[in-house]
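In what follows, a single structure is set out as structure tokens and then discussed.
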Amino acid sequence: MSSTDTLTPSQTSTNAQVLDATTHANIHDKLARALGIKTAQVNAFVKLYDEGATVPFIARYRKEKTQNLDDAQLRALEKLLNYERDMATRRLKITELLSTQGNLTDELQTRIDNATSKLELEDIYLPYRPRRRSPAAKARAAGLDVAAQAILTQEIAPTDALADYQIQSNVTDDSGQEIEVDFGDIEKQLAGVQAIIVDEWTQALDLLDNLRNGFAKTASIVSSVASEEKREVGEKFKDYFEHSESLARLPNHRLLAMLRGRQENVLGLKVEGEDAPFIEKIINHFDVDAKAPAARREFLAEAASSLWKDKWRPHIEHRLLTEKRLTAEADAIEVFANNLQHLLMSAPAGRKVILGVDPGIRHGVKMAIVDAQGHVMLDSEGKPVVATVYPFAPDNKIDEAKAVIDELLNTYQVDLVAIGNGTASRETDAMIKEILAANDALKAKAVIVNESGASVYSASELASDELANLDVSVRGAVSIARRLQDPLSELVKVDPKAIGVGQYQHDVNQNQLADSLDKVTQDSVNAVGVDVNTASPAILAHIAGLNKNVAQQIVTYRKEHGAFDSREALKNVPRLGVKTFEQAAGFLRVHGGSNPLDATGVHPESYSLVDSLLTQTGKLLPDILGNEGVLNTIDTTALAANDDNVSVKAILDELAKPARDPRPEFKTANFREDVNSIKDLTEGMTLEGVVTNVTAFGCFIDVGVHQDGLVHISQMANDFVADPMNRVKPGDIVSVRVISIDEKRGRIGFSMKPEAEKPARTATKAAEAKLSNDDKATRPRSSRPAADKRPSSSKPRGNRQDNRQDNRQDKGSANTRGKASKAESTEAPSKMGTLGALLKEAGVTKAKK
């Protein structure tokens with residue numbers, strides 16, 4: 001499936017309506033085979049999907065109908081269903097067009113039926129696509145087809161075939177419109193005849209397939225610098241200034257790097273390959289060498305050469321590059337989606353009082369305190385608790401800054417300090433740790449937090465609505481604090497592309513990318529669920545069945561009428577109809593309401609079944625919630641048959657662990673205190689760091705030196721690593737060893753291989769050369785610039801992440817801290833990690849949803 005084949009739900013519905021029952025059945029059977037599931041499961045999903053059910057709702061509350069298909073299987077099924085419906089609709093259209101033209105044959109119909117991609121379908125139809133102004137069409141309109149057929153079927157010289165040709169005074173196309181043609185001399189007439197022959201030969205699709213497959217195996221892609229003046233400005237692409245490699249074996253990420261270089265007018269790209277063998281195959285296919293007389297044979301040989309050089313080779317090159325590009329884009333989108341999912345599902349620190357710190361140099365260190373609910377705290381005068389201090393050059397007011405921070409921590413009983421990982425992050429972290437160490441009364445702990453995209457949120461309309469009484473310059477500090485408190489709730493407020501965990505995100509199909517990221521976000525939000533009385537419109541919009549308008553209606557209704565007392569009360573919200581309620585209710589939580597079930601993942605449609613369970617046990621709901629012992633004694637035999645949606649077992653599991661948060665606990669990396677910049681690194685040094693981004697060629701690690709380093713795929717383990725994502729995830733805590741430092745270009749090479757298995761020097765050099773080729777074109781700049789470039793507090797800050805994005809697609813900023821991953825492990829860790837001893841020491845426990 002190509003990245004250009006994304007359909008909207010309305011398009012999918014329209015396509016489904018034009019297909020007959022047999023076609024639908026064939027599609028369902030094909031999907032079942034492709035995904036290794038039963039056709040009955042596909043049928044059940046399609047019925048629910050076409051009725052308007054969302055994937056999260058089907059995955060959670062219609063398990064019985066789909067026989068326990070999970071959300072990943074359902075997303076794959078949804079994607080393939082939409083694609084196959086689109087393909088079937090296009091097949092039908094092409095069949096109708098060929099039939100109307102009188103060109104449809106059994107062979108063509110078989111090819112159409114067996115086509116596996118839209119590119120292949122269009123290739124089949126291409127020779128028959130009407131082209132009224134093509135050279136062949138003009139020649140036919142001028143009456144040269146008679147001579148062309150004579151040359152193809154008779155032993156006659158081309159000039160003799162044109163002996164009786166009469167030049168027409170007026171030439172019209174098949175629509176009756178007059179067209180201008182010039183066949184006034186024999187050379188032009190011969191060219192017209194040859195164009196007709198070449199056009200007719202293009203219908204030899206079997207031959208085209210053979211040539212395309214052969215060319216694909218031998219062709220090379222060649223990149224070169226576009227011009228000498230581009231050498232300096234395009235230095236990041238210098239590995240591709242004189243580069244050539246097999247097109248068939250070209251890695252996805254290198255192709256995207258080359259394409260970006262071409263897009264930026266730094267590189268020129270071309271496909272190189274032989275011509276003679278393929279021209280010879282055309283000659284052999286049409287038996288040209290056996291034609292007589294010699295003039296006819298030479299004429300047809302020229303036509304064979306023209307067919308290859310002017311028609312088929314350009315078309316084959318375009319198709320091969322397009323197929324490679326679409327595959328590369330799909331791979332890049334999948335990498336981004338996987339990274340985003342792990343970032344969104346990183347664990348919250350919980351309902352704690354947090355001091356958010358947005359470090360800076362010239363414009364100061366901005367701070368804000370949020371309470372356990374994520375609201376900005378107010379002082380005794382009702383003013384927001386915010387502050388700005390200037391501990392660093394040129395002001396150097398370090399003592400004053402320490403005094404202000406110490407007072408904030410003491411006065412508001414701060415549990416955690418969330419420090420953004422931007423400019424002056426390590427310096428600010430060191431300062432705050434000095435404050436904490438000097439005052440035993442302070443119980444707070446400092447945690448480094450990914451701040452990517454915080455500036456985007458600060459200047460957004462949503463931030464203006466949520467934090468209207470705060471200056472733009474301090475809104476980022478609030479966002480940083482909330483990210484530690486609940487990453488999911490805060491990150492959904494920012495466009496995923498501003499978070500910086502993508503790979504070539506600006507080079508892929510943007511509609512496909514947005515669709516993929518939106519589905520990942522929706523799945524993550526629904527997996528966790530939201531408190532309907534505290535949720536922002538941004539996160540509510542991702543709940544199954546809701547959209548931005550309904551989400552805003554919920555918040556508006558909540559402001560006007562107060563907190564919702566029950567899920568049932570949601571039905572009073574304008575535009576929230578019966579179908580929307582069905583889809584959304586189970587994912588919306590009402591804590592402290594009139595019905596304890598409203599705070600669980602049990603859907604309202606199953607409340608009566610729970611009542612039956614209570615009747616059987618003779619207990620009240622509070623007595624069984626969280627009580628696995630009692631729940632395990634319930635006889636569900638008679639009840640199971642009455643439930644056609646979600647199984648009784650699933651309901652019991654939910655009652656046993658009501659509103660269980662699927663996210664793991666959180667852990668941070670312990671950065672070395674003596675390592676604060678790239679200047680502090682030495683080869684052979686072992687450090688602990690956090691995985692910030694995973695790409696096709698390795699992963700990037702933040703070790704706290706303002707510049708993420710790369711662990712190339714060849715340095716991830718001693719055994720073969722097919723996919724870095726199978727070994728590490730964003731947020732994983734890993735141990736790395738420094739193997740190369742390029743301070744001038746800000747590049748660090750790490751290895752995750754155990755020290756005992758340290759490779760020979762030559763092997764290290766080979767790995768460095770490989771690294772240079774793989775990622776240099778898009779090597780990330782420092783995620784923490786040396787100088788603070790933020791505008792003054794009177795103006796909205798620009799998006800620092802976006803300003804760097806085009807030059808760091810392989811990397812992204814530091815994201816979130818996660819579970820430690822042993823370098824020698826051959827499997828990806830099952831969780832992203834825990835705050836562990838750090839939060840335990842701080843008295844922080846995981847918040848319950």
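Keep in mind it's a predicted model, so treat the numbers as computed, not measured.
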Taking all non-hydrogen atoms of both residues, which atom of [X] and which atom of [Y] are closest, and how far apart?
X: T695; Y: V335; value: CA-CG1, 4.2 Å
X: P596; Y: L625; value: CB-CD1, 3.9 Å
X: L484; Y: A418; value: CD2-CB, 3.9 Å
X: A463; Y: Y457; value: CB-O, 2.8 Å
X: H591; Y: A599; value: ND1-CB, 3.7 Å
X: T54; Y: A544; value: OG1-CB, 3.2 Å

Are [X] and [Y] close enough that some pair of their side-chain heavy atoms sits under 4.5 Å apart?
X: N726; Y: V721; answer: no
X: I733; Y: N670; answer: no
X: L81; Y: L31; answer: yes
X: L513; Y: Q505; answer: yes
X: D732; Y: V690; answer: no
X: L588; Y: I543; answer: yes
X: C699; Y: V691; answer: yes
X: R663; Y: P348; answer: yes

Is a salt bridge present between [X] and [Y], judged by a nitrogen-to-oxygen distance below 4.0 Å?
X: D29; Y: K38; value: no
X: E64; Y: K649; value: no
X: K571; Y: E568; value: yes
X: R62; Y: E582; value: yes
X: K352; Y: D371; value: no
X: E451; Y: R483; value: no
X: R351; Y: D415; value: no
X: D598; Y: R589; value: no
X: K519; Y: E78; value: yes

Please determine, by modelled atom types, if [X] and [Y] share a side-chain donor-acceptor pair under 3.5 angstrom.
X: S735; Y: E688; answer: no
X: Q41; Y: T66; answer: no
X: N693; Y: N339; answer: yes

Under 3.5 Å: donor-acceptor pair, side chain of [X], backbone of [Y]:
X: S612; Y: S608; answer: yes
X: N632; Y: E628; answer: yes
X: N526; Y: Q522; answer: yes
X: E654; Y: G601; answer: yes
X: K493; Y: S489; answer: no
X: T633; Y: V630; answer: yes
X: R567; Y: A585; answer: yes
X: S606; Y: V602; answer: no
X: T600; Y: L597; answer: yes
X: K729; Y: M725; answer: yes

Quick one: pull up [atom1] in [X] and [atom2] in [Y] and give me the separation to the nearest 0.5 Å.
X: D70; Y: R75; atom1: CG; atom2: CZ; answer: 12.0 Å
X: D565; Y: N595; atom1: CG; atom2: CG; answer: 9.5 Å
X: Y607; Y: E605; atom1: OH; atom2: CD; answer: 10.5 Å
X: Q67; Y: Q73; atom1: CD; atom2: CD; answer: 11.0 Å
X: L340; Y: I333; atom1: CG; atom2: CD1; answer: 13.0 Å
X: N547; Y: T580; atom1: CG; atom2: OG1; answer: 7.5 Å

Checklist line | Verdict with supporting geometry, L416 and L355, side-chain contact (heavy atoms from CB on, under 4.5 Å) | finding: CA-CA 6 Å; L416 293 168; L355 171 64; over 6 Å; no

Residues 551-559 side chain polar contacts: donor-acceptor under 3.5 Å, at least two apart:
{"unit_1": "Q552", "atom_1": "NE2", "unit_2": "T556", "atom_2": "OG1", "d": "3.4"}
{"unit_1": "T556", "atom_1": "OG1", "unit_2": "Q552", "atom_2": "O", "d": "2.8"}
{"unit_1": "R558", "atom_1": "NH1", "unit_2": "V532", "atom_2": "O", "d": "2.6"}
{"unit_1": "R558", "atom_1": "NH1", "unit_2": "A535", "atom_2": "O", "d": "3.0"}
{"unit_1": "R558", "atom_1": "NH2", "unit_2": "A535", "atom_2": "O", "d": "3.0"}

Item checked: Heavy-atom neighbours of K619 NZ exceed 12 at 6.0 Å -> no

Next item on the list: Please name all residues satisfying side chain to side chain contact (heavy atoms under 4.5 Å, CB included) with S524, sequence neighbours left out, ordered by chain then number.
Entry: Q341, L344, M345, L488, V520

Check: Can you check side-chain contact (heavy atoms from CB on, under 4.5 Å) on L609 and V648, steps first, answer last?
Finding: CA-CA 8 Å; L609 191 146; V648 175; 4.1 Å; yes

Item checked: Pair Y61 + F587: ring centers closer than 6.0 Å -> yes

Note to self: Working note: N421 + V449, criterion side-chain contact (heavy atoms from CB on, under 4.5 Å); need CA distance, chi angles, decisive distance, verdict.
What the structure shows: CA-CA 6 Å; N421 67 336; V449 176; over 6 Å; no

Next item on the list: Check the pair E490, S479 against side chain to side chain donor-acceptor pair (under 3.5 Å), reporting the backbone distance first and the verdict last.
Entry: CA-CA 7 Å; E490 194 64 19; S479 180; 3.1 Å; yes

Notebook entry, point to check: What do the steps show when you test V42 against I37 for side-chain contact (heavy atoms from CB on, under 4.5 Å), and what is the final call?
Noted result: CA-CA 8 Å; V42 177; I37 59 179; 3.7 Å; yes

Next item on the list: Step by step, work out the salt bridge (charged side-chain N to carboxylate O under 4.0 Å, His left out) result for R727 and D719.
Entry: CA-CA 11 Å; R727 302 300 180 101; D719 58 332; 3.1 Å; yes

